Each structure stands twice: as structure tokens, then as C-alpha cells.
*Asks:* 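Have a look at this one before I ask anything.
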Amino acid sequence: MIKNKRQMEKHWQDYWDKIKLFEPDLKNSEHKYYCLMMFPYPSAALHIGHMRNYTLGDTLARYKIMQGFNLFTPMGWDAFGLPAENAAIKDGIHPAESTAKNIATMKKQLREWGVGYAWSKEINSSSPEYYKWTQWLFLQLYKKGLAYRKKAKVNFCPSCQTVLANEQVIEGKCERCSTAVVQKELEQWFLKITAYAERLLEDLNTLTKWPEKVKTMQKNWIGRSEGAEVKFKLQATSYRLQDRESIKVFTTRPDTLFGCTYLALSTEHQIIEKLKSKVENSKEIEKYIEETKKQSISTRDILGKEKSGVEIKGVKAINPVNNQKIPIWVVDYVLMEYGTGAIMAVPAHDQRDFEFAKKYNLPIKKVINPLPATLYPLPASQAYEGEGTLINSEKYNGLSSQEAKEKITADLQKKGLAEKKVLYRLRDWLISRQRYWGTPIPIIYCPKCGTLPLPEKDLPVVLPRDVQFKPGGESPLKRKSNFIQTTCPKCGSLARREADTMDTFIDSSWYYLRYLSPQDKKDAFNSSLVNRWLPVDQYIGGVEHAIMHLLYARFINKFLYDCKLVNFNEPFTSLFTQGMVIKDGLKMSKSKGNVVYPDTLIEKYGADAVRLYILFIAPPDKDVEWNSKGVTGMWRFLKKVEQLAAGGRLQAASQKTKNLKPEVALRRNIHQTIKKVTEDMERFHFNTAISSIMELVNYLSRYPFPVSRYPLEVIILLLAPFAPHFCEEIWQNVLKNKGSVFKHPWPRYESRFIQPEKALIIVQVNGKLRAKIEVERDTSEKELKELVLKEEQLKKWLTKPIKKIVVVPNQIVNIVI
RNA sequence: GCCGGGAUGGCGGAAUUGGUAGACGCCUGGGACUUAAAAUCCCAUGUCCUUUAUGGGCGUGUCGGUUCGAGUCCGACUCCCGGCACCA
């Protein structure tokens, strides 16, 4: 085996730097290939899970170089975020310091793995040179009316006196001190992503090279639904309401209106406050609302637990279709953020309403008969949520759900009680964070002039370095008086800065544009360069980003498109979502304490063997349970290749043997392997690509004749993207080729060498394998039948008369008896 | 709770369009070489049955269906993983 593995690897890492293998010529965008990995958050050290992501990208990048593309594969750091700030609170290390340290470690590791990037284009989202332009982006959104302020809830820990992220709330308690978390309302900044809902949904259709599952998830997240907004008038039981109050609900099922037996309101619905004086049990309701405020704001916590509610006594709602008086409940399973914050409950035809009605003994009225009715008797334990024929619905009886939706909505519309409506589940993007380690929001509050955007010439708003991290009721920036105090850009009087920073998802929503000109002092990005190099040809990242990051990036790209700053409507042409590395049943992550670092494995077997193994154990889009054991197999494989290349069998084979048969078979094998590996590369099936190369190597190492250069060179070329150091070493120092293996074109196959002259026919009797026969290729159906029926070994199976023979030429014959 | 995905030998996985289930690798067992060990090479390796064969039954999470033929398609279910808007 090659001596001084680490030294050899380092030699080639230096060599690739020297020949600038990964440095692009940005002036020449012809035949360009922009290969982008989601930029990472700089955590302490990279583990096997990260290594899987980066070797996957690097393997693709090297393959594209060999295919002759003008490759651009940059790397940077999504460096703002919560963990660094938490570390600062805990250990007193400044986030800038820990981040810089982590970045240095990660760069070293990436290099040791042989992962190459265009490092001259590196970016860091926490540097003023970068976040200046994140602030600029915010100002553009503000200018177009897409950034606005409104009240929103946060999780607050009364003991730590600090705002908590959902992640920091464990079963309703603060992760640090276990104090019960409360909800608090604050004025916060939002981006109007809902203005783009329709386009974000519609344009998913143009993303033909995105995984279906990601598009489905985004589609469901945007959640377009067509329905009607229906008005329920209110009536007090003991006295008249002075003004005609009403409650609006949104429903996709107006056909079930006759089955509505109560209304359910979110605890935040404004009508509750309005009705306060007229309600008999307002104390009880107030108490209930207070209780629900003591839970986390996270939807999964709210919707995951058992539903509860309390009836508003003394006021009823009037069902507009039949004037029936129905009760109104305040519940915890209706979200204020979606629709009108109130729903019409139809227990017979909605499972959540059904369960709630069962719990509180509310009437359940069936109004939809499934079709065909006799086949689906309604089970008593659940609601029928499908469509069907209307029953118990007066003059609408007998109509189909579809017809009834139209008709009922239209009839109510005439009376001013309903309106057709399209609703999206997507909510506006809350970007305010009450934290230090993020991009400051470039807004100034002047007591005279009000809320003002910072003039662009004054950017960036620099994040002060010297702050107090220990929690003290307010975020670190709010307590930093020389940051907060400023002068109004309009009138010059004393004003204060916004103290909140931005969600880090904004940093990552535009970074792919900055890579082309990371040092540009005049613009966020260079439009002409960006328009030539984008959209990104291949975007690679984790499935966990399938919804939020990708939706935000698409939104921002569309916004910049509307500003005519980019000329492409979607930023990422094709997307590959890689699976996660699982250890002990959980995603590998430091916080879960189940990380495995690759360093000792690399020390023992070399980076190439570990790279190979990591790509070999599973297709890259699947999750994989980590087990270090199999690396030895890759080590053995590389040794075998080396021996083959270095061995004395490397001779001019064709002259030494007159036997053409094995030569033909060898040639077929080589060309088949090239075909298979190339096809597998294209569909990211790196695991089967590697096993095909292994099969060819196994074949060659048993080949009873001397082997020529060609098959060896093919093997090294096919293997180079996976095991770059090893192959560069063999290519240049054993096979004595001039220049980098990556500058050599990817091998091509010729179809005429692949087709075998014989076909193996599988013979089945009633679908069970009974014989295999070899015949000439393209033997006709008729001949095949005859051949098969003559077969001796089949005789014993053909005990009964033959009913039918199914023939698939060159493949299979199935005799049915 | 809602949305998306997954389940194949002792283990990771293969089977691209419905057509030989288990490629490739790991582990394990046996053998060769060696004073010995390591390394390497060779053989075996889903499971059960028998008369040990060029044999047969069963077998891709569970139950049912479609088909000449199902890991692959359809229906119902179980378990696991990811996301759910302040982790990134």
C-alpha cells in the first residue's frame, strides 16, 4: 500500500490548490455548472453526518469537472444563530470568537477530506461586509411595503427574563431553569411572503428537477384552499344586543352547514372582549384564556395535545342556513393565525370537531351520505370527512357535495351572509429576534417622525462587539445605550435604533447571489454576473430544509426578480435532498450527544476509504444508521486496485494472447461498467456506482490473461471523483500520466460493445422459476415457445394441460397450466 | 394532531419500466499460506424440509386485493424517521 497515506493526501491537496482545480473563471460562463451546497452553521467540529454531505457534493463537482463543465462550487458560513449566543451566555466566549474558531476547524477538516471549493469566493453571513447587504435587502422589502410591524407572541421565561425559541421550551418549561414558560406579546417585524403565495405555489410546476416530495411539502405548507367566508349573526338569550354583532368563519365545506352544531373560537378572537359585558360566565372564560397562555406558542404543542374549551354562556350564534341557534365555544384547537380565528364545527364530518363534541356532549348531526351509501355504513367512532349526497339539509337534500357548495354559497351570498374566498395556510414571515448574534434591523424610531428606514448610505448598522450576554430582561442590544441612541436621519433629533436582529433565514435567503462577487463594496450582488451564472444548476442540502429555507429563498428571489435585479424567476434549477446520518435511532447532532467523528477512521484508513464507505453504505438521499465497521472493505478494495495497477500484469495484452473470447467479454464488461457508473452518477446512485466498479475490479483480478492499460485507466477515471487522492496518485505516479486525472475527460462507452449475443431466458410455470435456457438474442416468440416445450427439465412440471404461454422476448416465458 | 418519507438476510444495502429477490460490501464459519500472528487468497453464508438433488416448501413490516407474474401497483393497518413557522 502507498506509504505515508496522510503525506500523500496532503501532497495532492496542495497540488489541487496549485493548479486551481476548483477556482472558476467567472468571466467565462459558457458550459457553466453552478454546484451549490447549503452553507453550514459553524458548529464545533464536523461529524460523519457532515462528511456525508460534503463528500457527496465534492464527488459530483469532480465528476462535472471531468465532464468538461466550467464548474463553480463555492462555500461559506451561515454564521449567525442561537448556539453561539447560548455558548456566550454559558461560557462567556464571544460568538465572534467561537464562530471564527469553528470555521477554522471546519476548513481544516474539509481540506483533509479532499473536499474542494472556490475558496477565493468564501462568504460569512456574520461579517459586516455581508450583513450590510442583508440590511440593504430588508430596506428594499420595506420600500416596497413588504416589511411591516405588528404584535406577535413570543415564549418568555419569567425566571431567566428572556425570550425563548420553541426549541428551548421543553414540555412548556424553560430548558435552562425548568420554569413554566409564558406567552408575551411584542411589536415585531414581518415580511409579507403571503403576497407571493400564489406564485410560490404556481411556480412549483416549473421545478421539474425537484423531488416530488419536496414540492408536495411546499404545496401543503402554502395550503391553498377554496371555500367561503360565512357570517353567523349573534343573539343574546336574556336581552337584545344593541349592535348586530356577528362572527365570520371560513369553511371549505359549505355543503355541511346544516350539520354545524356549534362555533369554535380561538382564545384570541376579538369578539370575546367585545361580548365580555354581555356574557354570563366571563370570569370562567377569562380564566380559561389565562390558562392557555401558559403554554408554548408552538403549533405542534398546541395541536398535539387533547383539545379543550369552554362555552360562552348567554350568547348564541345563528346558523344562516336554517336560523338555528347554536352555542359558541372558546377552544384551544383553533388558531388565530389561520382564517378568521373562528370555525363552524361540524362534528359529523370533521374528526377534530367530532372528538370535541363527544367530550363535551354536543350534538352530532349527519348531513352527508357517503356514496354509494350502502357500501360505507358510518362507523360510530369517527366522522365521515369525504364528500357525498346531502341529507337533513332541507331543500338541498339530494344534491352532491359539489353542487351544494356552489348553491348554498350563492344563496347566502344573495343575503349578504357569505362570500367566496381563497385562503392560504401560509403566514407572513416573522423575522424579529430578541437576540444579539444576528443582523441588526436597519430601522430608527424617532419620537417626532416615527418609524424610519436607515438611509442606504449609512449601512451597515454595525453589531457592537462589547455587550453583556447574561440575560437581564431585555436582549443584549437593548441594554447597549451607545448602540440604541442615535439621531433621526430626517429631523436630527434624538432617536433610538431597533434593538431586534433578523431571523437567520434571511441571511440564507440570498447568499447564493453573493458568491459571485463576495468583495463587492457597491452592490449586494453583481446582476450581470449573476444573470449569467444563475440559476444554480444543482443545489444540495438536507431534507430538513425542504420547506422553510427553500420557500424563503424562492420568495426573496422572486422579490428581486420583480425589482429587475435578477432575470430568473426561480433560484435553483435542480435540487437534491440528502438523507441524514442516524446514530442510535436519532439524527446525529452534538446536542443529542451521539456524534461520531471521522478523524480516527481517516487516520487509520485514509480519507479516500472513508469517503468511499460513506457513499457506499446507502443511496445519498436515504437516511442511514451509522456503523464504522465496513470501512475495512473499502480499504481492501483500494489495495486491490493498487496491486492491479502496480502489478506485473500490466502488459500489452492484445499481442500476448490469441484467445479473443475473454477479450470480447472484458471489453463488454468495461463498457457496461462505464455505462452503469455514468448513469448512476447522473441519478446520484453513488452506492451502486461504486459496487459496479468493484465488480469490474473483481473481474479483472481474476482475469487469466495480462491486462492492458485501458481497463486500469478506466477504473481510475471512474473512481477518481470518489477517491480523489488515491486516483491522482495512481494516475500520475503509477500509470505515469501527465497532468491531473481530473483534467482527463470522463470515459465514454460504446453501445455496440455492450450487447451480449446470447439471451438468458427465465422459464416459469405458473409464475415460479423452473428452468433457465440460453438462446440467441431476439429469438422470435414462436421459436421460444417451441424451444421451451422441448426442454427436458420442464417435463415433470407440465402435468396438467397448458392454458396459456406468456412470452417476453429476451427475458421470460411463463407457462400457465 | 397535521404534512412528507421509510420498512428487503446476522448488518448496510441491490433489483432504473410489474418479469431470476438478496448484486456489492461488512460480520460469521471453514480451509490454504505462516514457527506463530497479522495481512492475503479460496470456499460457505435468507430460512425450513427431505430421499443430499441439476431437489422442494416458505420468504421483501402486517392483513387483504389486482395480475400469467407483485419488493415494485391498489386498499386498510403497525412501527420508525423528518418538518410543523424562534435549532439551522
Side-chain angles (χ1 to χ4, degrees), chain A residues 38 40-41 43 78 80-83 86 154-155 163-169 211-214 216-221 223 297-307 333 337 351-352 355 425-435 503-505 508 542-549 551-552 579-580 582 585-587 589 591 613 616-619 621-627 629-634 636-637 639-640 643 679-680 683 685 687-688 690-695 698 760-769 771-772 793 803-806 808 811-817:
Chain A
M38 289 181 185
Y41 178 79
S43 47
D78 188 12
F80 276 137
L82 193 58
N86 283 342
V154 293
N155 295 309
V163 173
L164 298 178
N166 283 342
E167 197 196 40
Q168 297 173 296
V169 181
E212 277 313 311
K213 64 169 175 178
V214 173
T216 308
M217 281 191 266
Q218 292 218 351
K219 195 177 152 205
N220 293 339
W221 185 262
I297 60 164
S298 162
T299 46
R300 62 174 160 255
D301 294 340
I302 297 164
L303 300 177
K305 59 176 203 49
E306 206 198 14
K307 302 159 217 9
Y333 73 97
E337 290 85 358
Q351 190 59 21
R352 284 174 312 170
E355 282 160 22
R425 208 186 68 100
L426 182 69
R427 307 204 298 256
D428 275 341
W429 179 6
L430 194 169
I431 59 154
S432 294
R433 297 292 180 270
Q434 295 69 42
R435 295 184 214 291
D503 180 5
T504 55
F505 273 126
S508 57
V543 239
E544 64 271 27
H545 294 296
I547 297 175
M548 299 180 66
H549 161 62
L551 199 65
Y552 293 144
M580 272 168 299
I582 306 289
L586 295 165
K587 172 182 173 179
S589 85
S591 60
Y613 178 60
F616 177 73
I617 46 175
D621 55 332
K622 295 262 157 49
D623 290 352
V624 63
E625 167 79 32
W626 180 255
N627 177 356
K629 263 187 175 171
V631 187
T632 46
M634 302 301 126
R636 278 177 210 148
F637 165 64
K639 256 200 282 193
K640 207 187 257 187
Q643 274 159 12
E679 284 169 2
D680 281 350
R683 56 182 190 132
H685 282 212
N687 55 332
T688 47
I690 295 168
S691 64
S692 307
I693 303 172
M694 285 176 165
E695 284 180 89
N698 288 345
L760 187 67
I761 303 293
I762 302 306
V763 185
Q764 299 179 330
V765 177
N766 283 352
K768 282 193 198 293
L769 173 70
K772 299 174 189 178
Q793 42 182 332
K803 273 195 203 155
K804 174 173 167 188
I805 301 178
V806 181
V808 183
Q811 258 191 48
I812 206 158
V813 175
N814 190 11
I815 305 167
V816 188
I817 61 168

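Predicted model only: the values in this text are computed from it and were never measured.
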*Asks:* Within this structure, what is the CG-to-C1' distance between A:Asn627 and B:rU28, rounded to whole angstrom?
*Replies:*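 Rounding to the nearest Å, CG of A:Asn627 and C1' of B:rU28 are 15 Å apart.
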*Asks:* Mind checking whether A:Asn766 and A:Lys768 have side chains closer than 4.5 Å, heavy atoms only?
*Replies:*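 Side-chain contact under 4.5 Å: no.
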*Asks:* Determine which nucleotide pairs with B:rC86, using a 3.5 Å limit on both distances of a Watson-Crick or G-U wobble pair.
*Replies:*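 Its partner: none found.
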*Asks:* I want to check something: taking the side chain as every heavy atom from C-beta on, are A:Ile805 and A:Val816 in contact at a cut-off of under 4.5 Å?
*Replies:*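 A side-chain contact is absent here, since even the closest heavy-atom pair is not under 4.5 Å.
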*Asks:* As a test of reading the structure: which of B:rC58, B:rG4, B:rG1 is closest to the side chain of A:Lys768, going by heavy atoms?
*Replies:*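 Of the options given, the side chain of A:Lys768 lies nearest B:rC58.
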*Asks:* Is B:rG9 in the syn or the anti form, by the rule that syn lies within 90° of 0?
*Replies:*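 Nucleotide B:rG9 adopts syn.
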*Asks:* Nearest to the side chain of A:Lys640, which nucleotide is it out of B:rC41, B:rA88, B:rC81?
*Replies:*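 Of B:rC41, B:rA88, B:rC81, B:rC41 is nearest to the side chain of A:Lys640.
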*Asks:* Would you mind classifying the nucleic acid contact of A:Gln764 as base, sugar-phosphate or nothing, using non-hydrogen atoms under 4.0 angstrom?
*Replies:*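 Base, at least one base heavy atom under 4.0 Å.
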*Asks:* Using a heavy-atom cut-off of under 4.0 Å over every strand shown, decide if A:Val806 touches base, sugar-phosphate, or nothing.
*Replies:*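 If one applies the 4.0 Å heavy-atom cut-off, A:Val806 turns out to touch a base.
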*Asks:* Between B:rA15, B:rA88, B:rC68, which nucleotide gets closest to the side-chain atoms of A:Met548?
*Replies:*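 Among the listed nucleotides, the one closest to the side chain of A:Met548 is B:rA88.
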*Asks:* Return whichever of A:Asp428 or A:Ile582 has its heavy-atom-nearest nucleotide of RNA chain B closer to the 5' end.
*Replies:*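 Nearest-nucleotide comparison on RNA chain B picks A:Ile582.
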*Asks:* Using Watson-Crick or G-U wobble geometry with both distances below 3.5 Å, tell me the partner of B:rA36, or none.
*Replies:*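 The base-pairing partner of B:rA36, which may sit in any strand shown, does not exist here.
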*Asks:* If you look at every strand shown and take non-hydrogen atoms under 4.0 Å, does A:Glu306 touch a base, only sugar-phosphate, or nothing?
*Replies:*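 Nothing: the residue A:Glu306, judged by heavy atoms under 4.0 Å, touches no strand.
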*Asks:* Parallel, tilted or perpendicular, judged at 30° and 60°: which one describes the rings of A:Trp626 and A:Tyr613?
*Replies:*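 Perpendicular.
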*Asks:* May I ask you to decide if the ring planes of A:Phe505 and A:His549 are parallel, tilted or perpendicular, using 30° and 60° as cut-offs?
*Replies:*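 Correct class here is parallel.
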*Asks:* For B:rC11, give its Watson-Crick or G-U wobble partner with both distances under 3.5 Å, or none.
*Replies:*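 Across any shown strand, B:rC11 pairs with B:rG25.
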*Asks:* For a quick test of reading the model, state the closest non-hydrogen atom pair linking A:Gln218 to A:Ile547 and the distance between them.
*Replies:*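 Distance-wise, the nearest heavy atoms are NE2-O, 3.6 Å.
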*Asks:* Using purine N1 to pyrimidine N3 plus N6-O4 or O6-N4 for Watson-Crick, or N1-O2 and O6-N3 for G-U wobble, each under 3.5 Å, what pairs with B:rU20?
*Replies:*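 Answer to the pairing question: none, since B:rU20 forms no Watson-Crick or G-U pair.
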*Asks:* Checking base pairs now: Watson-Crick or wobble, both atom distances under 3.5 Å. What partners B:rG75?
*Replies:*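 Its partner is B:rC63 (Watson-Crick or G-U wobble, both distances under 3.5 Å).
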*Asks:* Does the base of B:rC86 carry an N or O that pairs as donor and acceptor with the side chain of A:Asn166 under 3.5 Å?
*Replies:*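 Per atom types, no contact qualifies.
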*Asks:* Identify whether any heavy atom of A:Phe505 sits under 4.0 Å from a base atom; if not, whether one sits that close to sugar-phosphate; answer base, sugar-phosphate or nothing.
*Replies:*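 Base, at least one base heavy atom under 4.0 Å.
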*Asks:* Rounding to an integer number of Å, can you tell me how far A:Glu337 CD sits from B:rC86 P?
*Replies:*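 My rounded result for the distance is 11 Å.
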*Asks:* Paired with B:rU47: which nucleotide, if any, by Watson-Crick or G-U wobble criteria at under 3.5 Å for both distances?
*Replies:*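 Pair assignment: B:rU47 / B:rG57.
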